[in-house]
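Some notes on the structure that comes next.
One-based numbering along the sequence shown. Whatever order the structure lists them in is the order used to number ligands and atoms, beginning at 1.
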Amino acid sequence: MSTPETASDRTPHPTTNLPGPPPAGDHVRIAFLGPFGTFSEQAVWQVAPGGAQLIPVTSAPAALDAVRREAADRAVVPIENSVEGGVNATLDSLSTGRPLFIVAEVVVPVVFDVAVRPGTDPADVRRVGTHPHAWAQCRMWLEEHFPGIIHVPATSTAAGAELLAQGDTTFDAALCPASATQRYGLEAMHSGINDQPGAVTRFIVVSPPGSLPPPTGADKTTIQVALPHNEAGSLLTMLEQFSVRGVDLSRIESRPAGDHLGSYTFSIDIVGHIAEERVQAALVGLHRYSPDVRFMGSYPRVDGVRATVLPGTADGDFRAGRAWVKGILRGGDGTTSFDGPAEWPLGR
Ligand SMILES: O=C(O)C(=O)C[C@]1(C(=O)O)C=C[C@@H](O)C=C1
């Protein structure tokens with residue numbers, strides 16, 4: 001596996017400040033799915049401040065564990081692909097073990113090369129080494145152009161390229177980004193072979209729990225929710241926690257809870273920030289109802305789409321409702337409000 005590299009010889013991304021608490025020491029250490037040349041590395045360069053130290057590891061869970069063990073200050077891991085869907089290894093690792101918070105998201109266009117050792121005859125390409133997500137995105141093209149081709153799984157796209165360049169004979173080509181083709185001295189036999197042109201992968205920046213990025217008006221909150229067992233309508237009751245407070249969802253997927261067949265948890269992206277009243281009210285409702293809710297961060301949306309706040313669900317509407325109730329608790333007749341601390345039997 002490659003050794004760490006620092007951001008000093010690179011042009012840092014204009015947003016050189018990663019959200020979240022400042023890491024100790026001079027350099028932010030960022031763990032990512034390596035080796036160098038992966039799509040994950042491209043995601044890291046979108047957020048790495050100058051002087052950042054990049055730490056390649058062999059899986060997304062290993063990158064998250066590096067943050068849990070304090071061997072890294074941040075992890076950048078894939079969470080969702082526009083063609084293949086959710087990255088289960090990331091979703092499952094985030095929802096178990098010591099809590100971590102998502103502090104940012106980035107999107108990387110995914111375009112694949114069929115990379116070979118220079119001089120390879122196309123007729124000799126029978127096995128391709130790559131990450132299963134990459135294979136799933138190019139399988140139809142590969143089967144059409146290399147009939148009978150076999151997928152040999154690699155820990156990442158660039159890991160396939162690196163092994164091929166080192167003379168590995170378990171496969172004849174690597175399916176990888178152009179950055180890996182170049183880095184490992186391979187040749188692109190074909191480029192841009194995706195089954196779906198325009199595919200993108202969304203990555204998240206993960207930090208130890210602590211401070212949250214401030215609300216921007218265009219934010220997401222990620223949670224994992226378990227449902228009570230064997231209760232008719234429990235999924236509907238969970239969804240009602242959002243709908244009655246005017247809270248929209250941008251992603252919801254079920255994941256097996258792992259304890260027995262038919263037991264599921266839900267991984268959910270809420271449109272909004274935990275600093276917003278309607279989101280807080282939905283979270284309080286979920287906490288009352290669900291046997292297990294895990295908060296995984298509130299952070300700015302990469303697409304900048306602002307939340308639509310429905311009538312009656314703005315922060316001021318929630319505050320006004322509470323003040324009205326407090327006014328009654330203080331002995332009022334229900335026509336006045338009180339905006340201070342008041343609970344039964346205060347004011348009597
Ligand atoms: O192997 C890589 O290059 C990665 O960064 C991993 C990964 C993934 O897990 O989805 C990222 C983007 C592509 O969708 C294919 C593979």
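Nearest non-hydrogen protein atom to atom 5 (O) of ligand 1 is S40 OG, 2.6 Å. The protein heavy-atom contact nearest to atom 10 (O) of ligand 1 is H133 ND1, 3.1 Å. Of the protein's non-hydrogen atoms, T201 OG1, 3.5 Å is the one closest to atom 12 (C) of ligand 1. Distance from atom 6 (C) of ligand 1 to its nearest protein heavy atom, with residue and atom name: L33 CD2, 3.5 Å.
The heavy atom nearest to atom 14 (O) of ligand 1, out of those in Q137, Q42, H131, is found in Q137.
Remark: ligand 1 atoms within the under-4.0 Å shell around heavy atoms of S156 are 1 (O). Within ligand 1, the atoms closer than 4.0 Å to a non-hydrogen atom of N81 are 14 (O), numbered from 1 in the order shown.
Comment: R301 does not engage D219 in a salt bridge, judged by the lack of any side-chain N to carboxylate O separation of less than 4.0 angstrom. Ionic pairing of E187 and R117 is not present here: no N-O contact between side-chain nitrogen and carboxylate oxygen is shorter than 4.0 angstrom.
At a heavy-atom cutoff of 4.0 Å, ligand 1 is contacted by both the backbone and the side chain of T157. Contacts between V110 and ligand 1 below 4.0 angstrom, taking non-hydrogen atoms only, involve the side chain exclusively. Counting heavy atoms closer than 4.0 Å to ligand 1, residue P78 contributes side-chain atoms (C-beta onward) but none from N, CA, C or O.
A perpendicular orientation is assigned to the rings of H133 and H131, their planes being inclined by more than 60° (bins at 30° and 60°).
Remark: R330 is positioned above the aromatic ring of F338, its terminal NZ or CZ atom under 6.0 angstrom from the ring centre and at most 45 degrees off the axis.
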For the pair D92 and R255, evaluate salt bridge (Lys or Arg N to Asp or Glu O under 4.0 Å) and give the outcome as yes or no after the intermediate values. CA-CA 8 Å; D92 294 346; R255 294 290 308 137; 2.6 Å; yes
Verdict with supporting geometry, R202 and D303, salt bridge (Lys or Arg N to Asp or Glu O under 4.0 Å): CA-CA 11 Å; R202 186 165 65 86; D303 57 13; over 6 Å; no
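Across all their heavy atoms, P209 and L100 have their closest contact at CD-CA, 4.3 Å.
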